[in-house]
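Everything below concerns the one structure shown next.
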Amino acid sequence: MKKLINDPFEFVDETIEGVLLAHRDHFQRCEGSKRALMRADGPVEGKVAIVTGGGSGHIPVFLGYVGPGLCDAASIGNVFSSPSPDDMLAATVAAHGGAGVLHLYGNYSGDRMNFGMAAEMAEMEDVEVKTVLVRDDVVSAPVEEMDRRRAVAGLFFAYKIAGARAEEGATLGEVAEAAEAAAVNTRSMGVALTSCTIPAAGEPTFQIGEDEMELGMGIHGEQGLRRGKIMPADAVVDEMLEHILADLPFEAGDEVAVLVNSLGATPPEELYIMYRRAHAVLGQAGIGIHRAFIGEYATSLEMAGASISLLRLDADLKRLLDAEAYSPLLPRAHA
Amino acid sequence: MKKLINDPFEFVDETIEGVLLAHRDHFQRCEGSKRALMRADGPVEGKVAIVTGGGSGHIPVFLGYVGPGLCDAASIGNVFSSPSPDDMLAATVAAHGGAGVLHLYGNYSGDRMNFGMAAEMAEMEDVEVKTVLVRDDVVSAPVEEMDRRRAVAGLFFAYKIAGARAEEGATLGEVAEAAEAAAVNTRSMGVALTSCTIPAAGEPTFQIGEDEMELGMGIHGEQGLRRGKIMPADAVVDEMLEHILADLPFEAGDEVAVLVNSLGATPPEELYIMYRRAHAVLGQAGIGIHRAFIGEYATSLEMAGASISLLRLDADLKRLLDAEAYSPLLPRAHA
Amino acid sequence: MERIDAAQLIAFLQVLTEEMPAHRDRLRELDAQLGDGDLGITIAIGMKAIRDALADFPGEEPGMILAKSGMAFNREAASTFGAIFATALMSAGKHIRGKDAIEVGDLPGMVEAAASGVSARGGARPGEKTILDVLLPMAKALEQQVAAGASLPAAAQAAHGACVEAVAETEQMEAKHGRGGWLKEKSIGIPDPGSVAICLMVECLARFVEGQSP
Amino acid sequence: MERIDAAQLIAFLQVLTEEMPAHRDRLRELDAQLGDGDLGITIAIGMKAIRDALADFPGEEPGMILAKSGMAFNREAASTFGAIFATALMSAGKHIRGKDAIEVGDLPGMVEAAASGVSARGGARPGEKTILDVLLPMAKALEQQVAAGASLPAAAQAAHGACVEAVAETEQMEAKHGRGGWLKEKSIGIPDPGSVAICLMVECLARFVEGQSP
Ligand SMILES: Nc1ncnc2c1ncn2[C@@H]1O[C@H](COP(=O)(O)OP(=O)(O)O)[C@@H](O)[C@H]1O
Ligand SMILES: Nc1ncnc2c1ncn2[C@@H]1O[C@H](COP(=O)(O)OP(=O)(O)O)[C@@H](O)[C@H]1O
Ligand SMILES: [Mg+2]
Ligand SMILES: [Mg+2]
Ligand SMILES: [Mg+2]
Ligand SMILES: [Mg+2]
């Protein structure tokens with residue numbers, strides 16, 4: 001384990017401390033929780049608040065998606081583990097601007113159960129809560145069982161779309177609808193070349209050969225579609241897009257946003273090499289590219305690998321995707 | 001070597017292709033060169049043009065610093081190798097808006113010699129050229145031999161400052177002065193935990209033990225100050241800041257900008273843990289922090305490690321640092 | 001020992017929270033095969049959280065101690081297992097509300113309450129490779145023990161035996177929930193990590209009530 | 001062989017560009033010890049660039065072929081070494097401008113011209129662990145050979161001998177330029193990679209003129 005860290009059990013709290021010190025104008029702590037942050041200018045009176053959360057180790061997911069045009073607050077747990085209901089409740093109550101709260105997060109059972117408890121408690125405190133789950137990873141379950149699918153980098157699209165809709169002054173129902181529209185129109189798939197190491201575990205989560213890759217792996221090291229020899233980037237992109245395109249399916253004439261995301265160690269150069277191929281494949285399929293996002297949007301600590309996400313756009317989604325948004329932890333080209 | 005690439009010898013050209021496809025509104029090729037890009041809206045008539053360049057493998061350095069408020073064009077070479085004088089000349093001529101060109105790049109002999117040839121040729125074509133070299137790595141030579149020092153992530157500050165000054169309509173001499181002011185007030189030091197692998201080489205540039213780190217290593221794997229056992233992040237930051245602070249020296253009452261930069265594989269979480277310590281150490285030393293930049297600003301492919309850079313500010317530098325700037329390849333929090 | 005009063009429950013939690021972290025690596029490895037490998041850490045952190053909370057428990061009745069232990073666990077080690085475990089302890093604790101000691105006759109009902117709480121929270125049904133698959137056989141074994149007039153140590157022993165068997169049976173189940181659910185048939189052949197953790201806790205309980213008996 | 005005309009120079013460049021890439025790994029490793037390890041790749045790419053340019057050379061005189069080879073090398077494999085090597089070849093080429101063949105008597109002047117071009121471009125002085133430290137001894141050896149009336153093969157052989165010795169001497173020098181310069185005294189003990197590359201090229205030349213001689 002080669003890391004620039006101190007006590008592995010202080011990893012999360014020290015990260016949050018650093019984030020707060022570096023971006024004092026952007027974040028504040030939510031009252032009553034060490035593990036929940038919100039916009040410095042929150043709660044925004046009269047606006048639907050979007051609250052997210054999940055395990056640590058995925059920056060910019062989740063804290064990095066807090067900001068104008070994005071989420072209002074996030075609670076984060078230990079590395080790759082759900083936050084506690086207490087922290088989620090603190091975020092929910094703190095961010096509430098009187099217009100209700102959307103719980104928008106990835107479809108992981110720990111998060112779902114704990115957010116479920118938090119939502120029950122919030123409702124006892126008279127905060128209206130709706131929930132939308134992102135479930136974009138095509139290999140995690142067949143399309144007929146979409147509700148069992150896990151979330152990966154497609155979270156970005158859901159945050160961006162829902163955040164813009166809330167900023168427009170929409171109601172809780174409308175914001176939830178926009179978030180769900182983003183969720184059902186997003187498809188992703190990843191590839192991992194190396195494992196990451198959870199600081200407190202001290203050992204790689206999984207073993208993988210020097211010449212192997214795993215297609216479809218989840219962002220916590222969950223098994224993917226298949227383990228095989230490393231292939232050239234173009235072949236990897238082809239195989240990923242084959243699964244992604246067939247799943248929705250995306251069709252000639254569709255317009256999409258493309259996200260090529262690094263899981264951590266994979267450098268931007270490789271993402272651009274992948275994007276180049278994706279651009280060609282989509283062109284061949286008659287699918288138009290409205291906008292490309294390339295960089296670190298959802299990581300797995302220092303894992304080497306990448307994911308591709310497509311969001312099928314209509315006029316509404318396009319408007320929301322193009323709206324202004326800001327967070328100091330996000331790649332610049334996000335809007 | 002675990003990489004998502006195709007032919008290693010096409011690595012650079014495919015990266016550039018991807019960048020151009022992904023950011024069509026932002027970049028264009030410079031006439032006559034496959035390895036030089038400029039602002040899509042360039043040349044900017046009447047503005048001093050800033051041209052940079054160097055080896056590939058460091059994104060966002062160099063292409064990522066082309067944009068409004070930053071550089072006007074960049075030429076890039078093979079991985080970790082200087083661009084050719086032809087490419088530098090193409091960038092220089094294409095970006096020239098009639099007000100002269102500043103060659104602003106890192107102090108590496110290959111770049112210096114090749115930019116030297118390009119500048120001679122540009123002057124034969126009646127383009128006035130001035131040159132400023134960034135030389136921020138404190139361990140690469142003693143302070144009395146500052147002109148032998150190499151550049152690392154401190155490039156960011158020089159681009160940001162010079163770019164803002166040029167945007168203000170300053171003359172070539174004034175822009176060069178601002179760039180030099182940034183250069184002489186910047187100090188950096190890095191630490192590497194792993195090597196990177198040049199795609200065409202196929203093997204790690206250097207060997208380093210599973211429990212070792214190298215303090216002061218350069219961004220191409222140039223030897224640093226000392227090889228030793230990995231230390232906790234706080235101790236690493238303390239040792240780096242000791243060298244950095246003593247070098248200028250930075251003193252109580254100074255105001256600085258802080259850059260904590262990932263060399264590639266080191267995740268943002270670790271950068272924030274380091275920043276947290278840097279914040280404390282600077283506070284203790286009575287040094288004020290005007291602004292913090294945390295993320296990937298100058299990388300070495302997939303190397304694990306980080307660097308810290310400090311820029312000592314005065315009122316002018318502060319104004320220039322805070323000015324607007326944009327590039328789709330830069331972390332958001334850069335201005 | 002025939003009853004577990006508040007002081008003894010605290011003593012037991014002391015032993016439990018000391019012992020469980022030792023299984024960290026085994027649970028981590030098991031969980032890594034089915035999911036993300038965090039369960040070992042979850043248990044270690046959660047047990048420490050209970051341990052840190054023990055000082056606040058004197059004066060509380062056993063039901064409340066169980067509920068607060070669950071909440072403390074999930075506060076510091078929130079996760080699927082944390083939520084499920086907290087739900088189980090809260091449900092079991094609610095079942096003995098008002099009692100000043102746990103007697104052998106309370107056990108079947110407590111475990112049944114835990115099982116139905118877990119099922120309500122996570123939507124799992126028997127045979128889906130979750131801790132339900134140890135809770136339900138354990139409840140059944142305890143009922144039989146109580147019906148046969150068994151002592152607390154004997155009942156705990158039998159519960160542990162049922163657990164061990166039940167864990168072995170989870171090996172052949174296909175996971176439907178949590179990360180294991182994404183593996184589908186590939187999840188077969190590995191025991192359910194959460195169930196292994198429960199089994200280890202029951203083993204510790206059985207040893208505790210045995211060791212303390214006259 | 002007593003003279004190298006344009007056709008023979010092209011033939012030599014064919015051999016050279018075929019052989020040099022084989023030294024890739026050795027040069028990479030040497031350069032990695034002093035700097036960034038790219039020299040092996042630089043040589044491989046640069047040599048390929050010259051090879052690809054060969055088709056354009058017929059019709060050019062030898063001096064122009066040298067100059068264009070240097071430019072082609074540095075266009076595709078720009079680097080410190082590329083700039084230095086291009087400068088060396090351009091300076092040597094300029095020295096024989098107008099001649100239709102290189103004769104043994106041209107060699108000392110060509111190498112001296114290369115050395116002063118390199119020194120002007122990069123500011124290095126003798127003893128600073130750069131290719132100057134092979135170019136200068138080589139020029140001296142060639143001068144002696146020419147004064148003694150040596151044949152072209154003999155002179156080339158002697159130049160290579162001088163190179164080998166000079167490379168060995170660079171081991172004891174402290175680097176002052178390029179990446180090696182940052183290592184200071186730690187650069188001692190390793191031969192200068194750029195000089196090793198030059199030496200390998202001269203060896204190839206010596207074999208070429210030997211093999212082709214009657
Ligand atoms: N719906 C559920 N009901 C009951 N137990 C569950 C459920 N889902 C998961 N579990 C238990 O939780 C264990 C995994 O816990 P944990 O590692 O925290 O989950 P994850 O890391 O996948 O979020 C499983 O082994 C299983 O025993
Ligand atoms: N100023 C100089 N003059 C002459 N030769 C030089 C000079 N600087 C470097 N060299 C030569 O170039 C070689 C290194 O080339 P290269 O690997 O391209 O440089 P780098 O990677 O450090 O930019 C050295 O071994 C040395 O022989
Ligand atoms: Mg987990
Ligand atoms: Mg180099
Ligand atoms: Mg788990
Ligand atoms: Mg080199």
Side-chain angles (χ1 to χ4, degrees), chain A residues 2-7 11-12 14-19 21-23 56-57 59-60 64 191 193-194 196 210-211 213 230 232-234 236 258 260 264-277 279 292 294-296 299 301-302 304-306 326-334, chain B residues 2-7 11-12 14-19 21-23 56-57 59-60 64 191 193-194 210-211 213 230 232-234 236 258 260 264-277 279 292-296 299 301-302 304-306 326-334:
Chain A
K2 299 196 106 176
K3 290 179 187 291
L4 289 163
I5 61 173
N6 299 303
D7 180 348
F11 179 83
V12 175
E14 290 186 359
T15 299
I16 296 177
E17 260 179 65
V19 168
L21 290 169
H23 309 300
S56 293
I59 287 182
V191 60
L193 303 186
T194 66
C196 56
E210 248 318 299
D211 57 348
M213 58 174 203
I230 292 190
D234 285 359
V236 172
V258 183
V260 183
T266 289
E269 284 82 358
E270 298 179 27
L271 302 182
Y272 281 106
I273 289 174
M274 292 177 74
Y275 177 71
R276 177 192 136 276
R277 180 63 166 203
H279 187 98
I294 290 154
E296 295 188 355
T299 61
L301 296 169
E302 70 284 346
Y326 175 75
S327 155
L329 281 85
L330 275 191
R332 182 64 195 249
H334 69 89
Chain B
K2 298 196 108 177
K3 290 180 187 288
L4 289 164
I5 61 172
N6 299 303
D7 180 348
F11 179 82
V12 175
E14 290 187 0
T15 299
I16 295 177
E17 261 179 64
V19 167
L21 290 170
H23 309 300
S56 294
I59 288 181
V191 60
L193 302 186
T194 66
E210 247 319 297
D211 58 347
M213 58 174 201
I230 291 189
D234 285 0
V236 172
V258 183
V260 183
T266 289
E269 285 81 357
E270 298 178 27
L271 302 181
Y272 281 107
I273 289 173
M274 292 178 72
Y275 177 71
R276 177 191 135 277
R277 180 63 166 203
H279 188 96
F293 301 86
I294 290 153
E296 294 188 358
T299 62
L301 295 170
E302 70 285 346
Y326 174 76
S327 154
L329 281 85
L330 276 190
R332 183 66 195 249
H334 68 88

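A quick note: this is a predicted structure, and the numbers were derived from the prediction, not measured. Lettering follows sequence order; numbering is per chain, from 1.
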Ignoring hydrogens, what is the shortest heavy-atom contact between A:Lys2 and B:Asp211? Give both atom names and the distance.
CE-N, 4.4 Å
Compare every heavy atom of B:Leu329 with every heavy atom of A:Tyr272, then report the nearest pair and how far apart it is.
OH-CG, 3.3 Å
Under a 4.5 Å heavy-atom cutoff, which of A:Gly64, A:Gly305, A:Gly57 has the most pairs with chain B?
A:Gly57
Does any backbone or side-chain atom of A:Val191 lie under 4.5 Å from a heavy atom of chain B? Answer side chain, backbone, both or neither.
side chain
In this structure, CD1 of B:Ile59 is separated from CD of A:Glu270 (nearest 0.5 Å) by 10.5 Å
Could you tell me whether a side-chain N or O of B:Glu269 sits under 3.5 Å from a main-chain N or O of A:Leu301, the two making a donor and an acceptor?
no
Without swapping roles, check the side chain of B:Glu14 against the backbone of A:Ile273 for a donor-acceptor pair under 3.5 Å.
no
Given heavy-atom pairs under 4.5 angstrom as the criterion, report whether the side chain, backbone, both or neither of [X] touches chain A.
X        : result
B:Val19  : both
B:Val260 : neither
B:Ala304 : neither

Could you go through B:Tyr275 and A:His23, starting from their C-alpha distance and side-chain angles, then the distance that decides it, and tell me whether this counts as side-chain hydrogen bond (donor to acceptor under 3.5 Å, both in side chains)?
CA-CA 11 Å; B:Tyr275 177 71; A:His23 309 300; over 6 Å; no
Evaluate the side-chain proximity of A:Thr266 to B:Glu302: yes if any heavy-atom separation is below 4.5 Å, no if none is.
no
